[in-house]
A.B. asks: 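Here it is, the structure, as structure tokens.
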Amino acid sequence: MISLYDTLSGEVRPLELREPGQVSLYACGPTVYDHPHLGHARSAITYDVLRRYLQWRGLQVCHVANITDIDDKIIDRARSQGRSEPEVAAEWEAVYRNVMDRLGVLPPHQQPRATEWVDAMVAFIAAITEAGKAYTTAAGVYLRVGSVDGYGDLVKRSLDELRASAGARVEVDEDKEDPLDFALWKAAKPGEPSWPSPWGAGRPGWHIECASMSLGILGDGFDIHGGGNDLVFPHHTNERAEALAVGRTFARHWVHNAMLNVDGTKMAKSLGNYRTVEDMLNEHPDNARAFRLLVLQTHYRKTMEVNSELLASARTAVQRLDALARRLTADPNTQPVPEASSVAELLRRFRAAMDHDLGTPEAIAVVFDNVRKANTGFDSASAEGALLARAVLDAAAALGLAVEDASQSVGDDAGVEELVSRRQAAREAKDWATADELREELSALGVVVEDTPSGPKWHRP
RNA sequence: GCGCCGGUGCCCGAGCGGACCAAGGGAACGGCCUGCAAAGCCGUAAAGCCGCGGGUUCAAAUCCCGCCCGGCGCUCCA
């Protein structure tokens, strides 16, 4: 049984699916106007892992993540660069997709763009208006928050508590009936992109976008809605209010991942610790896997730390998986063997960890525990080595941790093969000077040679 | 200010009432293996008594109270 922490109920509870065997998952995607940063990466990886694991458990998952391609920030950016909003959005959407690809994040099954769903949004707003839960001002259409029962449930705050702190950071529009009321539709300002509507030209508010696309694609009562925990209020609270306002059932489970700190504090341009995913990826080719390992080693609901030292240590750890994969390639031992209880134990522990609120840190601990056991198996020439190695690699793959296929890195390079065999010949002749010289040469080519009992093996790290 | 979440070894980070198990990763140290390395293994080796102070309990890192520190939210930010 799979359990997840649900923000609404405030407890870890069994995943109750709308339809047995099928999971509908909506995770809030990015507003495309700038470089994705490490926080985006953590969030995307979190839901990628959730999706992969559910699939690994045999469930059929429909993963939807939106692209917000119309927003104040996009408009500002377009204006400052003298370009059109669609141009800006398209540029950054492409960057985002490319970065996610490099991070090993599977493309969601659907990635709707907000601008392609405006008709549905207009219809949704009309329904809310007809239900008497919205009103119009010069600035747009607003949802009457007080008319929705349990509005603040997701943040666990009453309307009065919310009102008490409303405006702490932003001034309140005087035309609104209640400072908490939020925009469903924003009247167009001169020069801004706009769409026609019963309330005049304008554009949709942020929350109605996600509410329309999630319900439009996944249907009422879809299973999981996820996003960063900074979205709990107002974004998710407001999406939920929109659905409730027209009597529709919204997400059955709310999942929120925690934020990330760089060098001990929150990432911010003003603090000088702001890091884009591209910068991290360009620093070292293996940082994609290293970062994913770091994400996995911290529980998704806890603030995680990232810095260069941690990335470096994670790279080292990932290499142990590669080394194990190489041993497996060298000694696949495909012979049928009796049911290995050690493999069953590994799977049992792995599943138990993951089933309990996505316990990736413990799952990773299980993986590394078994890396050692598999190596011990290989060392003692037991069939258990290959069996465990395969299970370990499978478990790692379920978390999206790709392990290099050693057989791919060998083969196409006859020059390297030649150097390796010349070195081996020198070794056999106990000509250590020549052997070491050749090892240097290979090293310069980016090749590492390991002398194993069954002869030399080489790979590119 | 109000609300929520955290503070565990040199670093990161599990565990959240009880088997003396404080996982796992990195770093460091000592062995084994190796011509030397690399990779790998072993270590009753070194390293936490779990932010501070009270309390509850037969039993607390795990529950309660207070304090200190950090993070997030308080209208468009993952």
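Computed from heavy atoms alone, side chains included, the values below leave out hydrogens, waters and symmetry copies. Order of the sequence lines fixes the chain letters, A, B, ..., with proteins taken first and strands second; residue numbering starts at 1 for each chain.
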A.B. asks: Taking only the side-chain nitrogens and oxygens of A:Arg320, find out if one of them lies under 4.0 Å from OP1 or OP2 of B:G26.
C.D. replies: yes
A.B. asks: From the list B:U8, B:C77, B:G26, which nucleotide is the closest neighbour of the side chain of A:Ala317?
C.D. replies: B:G26
A.B. asks: Please confirm whether any donor atom in the side chain of A:Arg439 sits under 3.5 Å from an acceptor in the base of B:C36, or the reverse.
C.D. replies: yes
A.B. asks: Tell me: CZ of A:Phe350 to C1' of B:A14, nearest whole Å?
C.D. replies: 15 Å
A.B. asks: Just to be sure I understand the rule, does A:Asp369 reach a base, reach only the sugar-phosphate, or reach nothing, if contact means heavy atoms closer than 4.0 Å?
C.D. replies: sugar-phosphate
A.B. asks: Specify the separation, in whole Å, of atom CG of A:Asp379 and atom P of B:C33.
C.D. replies: 13 Å
A.B. asks: Please classify the nucleic acid contact of A:Gly39 as base, sugar-phosphate, or nothing, using heavy-atom distances under 4.0 Å.
C.D. replies: base
A.B. asks: Under 4.0 Å from OP1 or OP2 of B:G71: is there any side-chain N or O of A:Asn261 that close?
C.D. replies: no
A.B. asks: Quick one: are A:Thr137 and A:Tyr142 in side-chain contact, heavy atoms under 4.5 Å?
C.D. replies: yes
A.B. asks: Return the nucleotide paired to B:U57: Watson-Crick means purine N1 to pyrimidine N3 with N6-O4 or O6-N4, wobble means G-U with N1-O2 and O6-N3, both under 3.5 Å.
C.D. replies: none
A.B. asks: Base, sugar-phosphate or nothing for A:Asp181? Non-hydrogen atoms, less than 4.0 Å.
C.D. replies: base
A.B. asks: In terms of relative ring orientation, are A:Trp254 and A:His256 parallel, tilted or perpendicular, with 30° and 60° separating the classes?
C.D. replies: parallel
A.B. asks: Round to the nearest Å and state the distance from A:Trp206 atom CH2 to B:C77 atom C1'.
C.D. replies: 6 Å
A.B. asks: Determine the contact category for A:Arg157: base if any of its heavy atoms lies under 4.0 Å from a base atom, sugar-phosphate if only primed atoms, P, OP1 or OP2 are that close, otherwise nothing.
C.D. replies: base
A.B. asks: With a 3.5 Å cut-off and just heavy-atom distances, do the side chain of A:His299 and the base of B:A14 make a donor-acceptor pair?
C.D. replies: no
A.B. asks: Any donor-acceptor pair under 3.5 Å between the side chain of A:Asn375 and the base of B:A39?
C.D. replies: no
A.B. asks: May I have the distance from A:Glu450 (atom CD) to B:C41 (atom P), rounded to whole angstrom?
C.D. replies: 12 Å
A.B. asks: Let me know the distance between CG of A:Asn307 and C1' of B:G25, rounded to the nearest Å.
C.D. replies: 14 Å
A.B. asks: A:Leu311 and A:Asp286: side chain to side chain contact (heavy atoms under 4.5 Å, CB included), yes or no, with the steps?
C.D. replies: CA-CA 9 Å; A:Leu311 280 168; A:Asp286 226 9; over 6 Å; no
A.B. asks: If we count only N and O atoms by modelled type, under 3.5 Å, do the side chains of A:His207 and A:Glu242 hold a donor and an acceptor together?
C.D. replies: no
A.B. asks: With heavy atoms under 4.0 Å as the rule, sort A:Leu294 into base, sugar-phosphate or nothing.
C.D. replies: nothing
A.B. asks: Which comes earlier along RNA chain B counting from the 5' end, the contact point of A:Val371 or that of A:Tyr5, where each point is its nearest nucleotide?
C.D. replies: A:Tyr5
A.B. asks: Please report the distance, rounded to the nearest Å, between CE in A:Met259 and C1' in B:G70.
C.D. replies: 16 Å
A.B. asks: Would you mind telling me which residue lines up with the more 5' stretch of RNA chain B, A:Phe368 or A:His356, judged by nearest nucleotide?
C.D. replies: A:His356
A.B. asks: What is the distance, to the nearest angstrom, from the CD1 atom on A:Ile67 to the C1' atom on B:C76?
C.D. replies: 17 Å
A.B. asks: Hey, does the side chain of A:Lys457 come within less than 4.0 Å of B:A38's phosphate (OP1/OP2), counting only N and O?
C.D. replies: no
A.B. asks: With sugar-phosphate meaning primed atoms plus P, OP1 and OP2, does A:Arg423 contact a base, only sugar-phosphate, or nothing at under 4.0 Å between heavy atoms?
C.D. replies: base
A.B. asks: For the residue pair A:Trp185 and A:Trp199, categorise the inter-ring angle as parallel (less than 30°), tilted (30 to 60°) or perpendicular (more than 60°).
C.D. replies: tilted
A.B. asks: In whole angstroms, how far is the P atom of B:C16 from the CG atom of A:Asp357?
C.D. replies: 12 Å
A.B. asks: Side chains of A:Arg42 and A:Asn257: is there a donor and an acceptor less than 3.5 Å apart?
C.D. replies: no
A.B. asks: Contact class for A:Lys186 vs. all strands (heavy atom < 4.0 Å): base, sugar-phosphate, or nothing?
C.D. replies: base
A.B. asks: Counting Watson-Crick and G-U wobble pairs only, both distances under 3.5 Å, name the nucleotide matched with B:G6, or none.
C.D. replies: B:C69
A.B. asks: Answer yes or no: does a side-chain N or O of A:Arg275 lie under 4.0 Å from OP1 or OP2 of B:A78?
C.D. replies: no
A.B. asks: May I ask whether A:Trp432 stacks on the base of B:G35, given the cut-offs of 5.5 Å between ring centres and 30° between planes?
C.D. replies: yes
A.B. asks: Taking only side-chain N and O atoms of A:Arg327, does any of them lie within less than 4.0 angstrom of OP1 or OP2 on B:A39?
C.D. replies: no
A.B. asks: By the 4.0 Å heavy-atom rule, please label A:Val449 as base, sugar-phosphate, or nothing.
C.D. replies: base
A.B. asks: Choose from B:A38, B:G40, B:A78 the nucleotide whose nearest atom is closest to any side-chain atom of A:Leu260.
C.D. replies: B:A78
A.B. asks: Given side chains that start at C-beta, do those of A:Glu278 and A:Val95 come closer than 4.5 Å, heavy atoms only?
C.D. replies: yes
